[in-house]
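Structure first, commentary second.
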Amino acid sequence: MKKFIGIAILLMVIVAGCITTTASRNTDTASPSFFIKPNEPIAIMPFETESALSNLGGQVSDEVIVNLFEHAPNLKIIPATVVRNYMANASLGVNGIPDMHTIHNIQQGLKCRYLLTGNLYVSLGDVRYTQTYSNRIASGSVTVRLIDCDSSIVVWAKHIESSATTTTYYYQGTQTQTTYQTDGQLFQQLLKKLGYEVAQNFFQHN
C-alpha cells in the first residue's frame, strides 16, 4: 500500500512538472499583446538602416505605430520622433541596439516600460522574365526587438520580410511604365507592408 501511494505521489509530481514547463513555454513564446498591460507605455525608436542619411527607418517606425493603433487604440505609444529628440538632447547614440545605460536613461526620461527597436534592410533591382517585360522589385526585411526596460532583456523578437513590385513592358526596344510607380512609391508600399506585418505579429500568438 505504501509503495502504491509513493508511486502515485511521484506521478503527481511529474505531471505537475510537465504542466509548469508547458505554462513556462507558453509564456516564453507569447506575443507582446499577451503580457503588456494597458498602463505600460512603449517607446518606439527609429529603426536603424544601413545608411545614416536614410529616413526609411523613421518611416517604417511610423507605419508600425499606425498599425498598432489599428489593433489596439488604447495602447500607450511614445513615437519615434519623440524618442529621437530625447536621445539627441540627452547626448545618447540614436543608432544601433541601445545599451543598458541608454535603455534606463530612456525609461527614466520618457517614463516607458518597454522599448521597441528594429533594423531595416532594403534593396532595389530588376528581374527580366522575357523579352517583353521585367519586374522592378523593392525588397526589404526588418528585425524587431521588444526590450523590457526594467531588466534590459529582450522579451520578444521577430524577423519579417516583404517586397513590392511594379512591371515594365518592352515594345520595339523602348520601355513603357504600365503602373506609373516610381522607386519612391515602391519603397512606400514596402514600408507599409512591413509595418503591417510587424503589428500583426505583435498581436499574434507564436
Side-chain angles (χ1 to χ4, degrees), residues 30-34 36 38 41-87 94-98 110 112 114-129 133-147 154-169 175-206:
S31 64
S33 62
F34 281 78
I36 292 180
I42 306 169
I44 299 183
M45 293 183 65
F47 286 10
E48 184 182 7
T49 57
E50 295 176 275
S51 171
L53 300 177
S54 174
N55 65 344
L56 296 180
Q59 291 182 47
V60 77
S61 298
D62 291 339
E63 289 293 336
V64 170
I65 293 172
V66 169
N67 285 280
L68 286 178
F69 276 130
E70 288 288 333
H71 288 83
N74 294 326
L75 270 180
K76 292 184 178 180
I77 296 179
I78 302 171
T81 51
V82 174
V83 177
R84 177 185 288 276
N85 290 336
Y86 174 79
M87 295 178 70
V94 296
N95 293 320
I97 300 175
L110 299 179
C112 60
Y114 295 98
L115 184 64
L116 186 70
T117 70
N119 297 79
L120 172 68
Y121 300 94
V122 293
S123 63
L124 190 66
D126 294 286
V127 178
R128 185 76 175 261
Y129 292 100
Y133 77 96
S134 68
N135 279 351
R136 185 75 164 159
I137 303 174
S139 302
S141 65
V142 60
T143 302
V144 288
R145 297 167 295 274
L146 186 70
I147 300 173
V154 175
V155 293
W156 177 78
K158 201 74 177 178
H159 181 77
I160 295 167
E161 298 179 353
S162 191
S163 63
T165 305
T166 188
T167 303
T168 300
Y169 286 99
Q175 297 183 13
T176 304
Q177 287 282 354
T178 59
T179 58
Y180 305 101
Q181 289 180 315
T182 65
D183 290 349
Q185 290 171 321
L186 275 180
F187 276 126
Q188 291 304 313
Q189 285 190 26
L190 173 64
L191 297 182
K192 287 183 179 180
K193 288 183 178 181
L194 290 172
Y196 174 80
E197 290 294 330
V198 170
Q200 282 286 98
N201 282 277
F202 202 87
F203 290 92
Q204 180 179 348
H205 196 283
N206 297 338

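Just so it is clear, the values below take in all heavy atoms, side chains as well, and ignore hydrogens, waters and symmetry mates. None of the values given here were measured: they were computed from a predicted structure.
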Under a 4.5 Å cut-off applied to non-hydrogen side-chain atoms, are Val144 and Phe47 in contact?
yes
Do His159 and Ser141 have side chains that get closer than 4.5 Å, going by heavy atoms?
yes
Report the C-alpha distance between Glu48 and Thr117 in whole Å, list the side-chain angles of each, state the deciding distance to 0.1 Å, and finish with yes or no for side chain to side chain contact (heavy atoms under 4.5 Å, CB included).
CA-CA 8 Å; Glu48 184 182 7; Thr117 70; over 6 Å; no
Considering only distance and modelled atom types, tabulate donor-acceptor pairs under 3.5 Å from the side chains of residues 69-81, sequence neighbours left out.
unit_1	atom_1	unit_2	atom_2	d
His71	ND1	Asn67	O	2.8
His71	NE2	Gln200	OE1	2.6

Residues in side chain to side chain donor-acceptor pair (under 3.5 Å) contact with Asn85, at least two apart in sequence or another chain
none
Answer yes or no: are there more than 12 heavy-atom neighbours, outside Tyr86 itself, under 6.0 Å from its atom OH?
yes
Only counting residues at least two apart or in another chain, list the ones meeting ring pair (Phe, Tyr, Trp, His ring centres under 6.0 Å) with Phe202.
Trp156
So do the side chains of Val142 and Glu197 get within less than 4.5 Å of each other, counting heavy atoms only?
no
Below 4.5 Å, heavy atoms only, C-beta onward: do Leu146 and Lys158 meet side chain to side chain?
no
Quick one: are Leu68 and Ile44 in side-chain contact, heavy atoms under 4.5 Å?
yes
So how far is it from Ile160 CD1 to Lys193 NZ, rounded to the nearest 0.5 Å?
13.5 Å
At their closest point, which heavy atom of Arg145 faces which heavy atom of Ala157, and how far apart are they?
CG-CB, 4.2 Å
Roughly how far, to the nearest 0.5 Å, is CZ of Phe187 from OG of Ser123?
7.5 Å
So OG of Ser163 and CG of Leu124: to nearest 0.5 Å the spacing works out to 11.5 Å
Roughly how far, to the nearest 0.5 Å, is the CG atom of Asn135 from the OG1 atom of Thr166?
8.0 Å
For the student: nearest non-hydrogen atoms of Val83 and Ala43, plus distance:
CG2-CB, 3.9 Å
Any side-chain heavy atom of Ser162 sitting closer than 4.5 Å to one from Leu190?
yes
Would you check, one step at a time, whether the test side chain to side chain contact (heavy atoms under 4.5 Å, CB included) holds for Arg136 with Asp183?
CA-CA 8 Å; Arg136 185 75 164 159; Asp183 290 349; 3.0 Å; yes
For side chain to side chain contact (heavy atoms under 4.5 Å, CB included), just list the numbers for Leu191 and Leu120, CA-CA rounded to whole Å, side-chain angles, deciding distance to a tenth of an Å, and then say yes or no.
CA-CA 10 Å; Leu191 297 182; Leu120 172 68; 4.0 Å; yes
Below 4.5 Å, heavy atoms only, C-beta onward: do Tyr121 and Asn119 meet side chain to side chain?
yes
Return the minimal non-hydrogen interatomic distance between Ser31 and Phe203, and the atom names on each side.
OG-C, 3.7 Å
What one should report as the nearest heavy-atom pair of Pro98 and Leu115 is CG-CD2, 3.8 Å
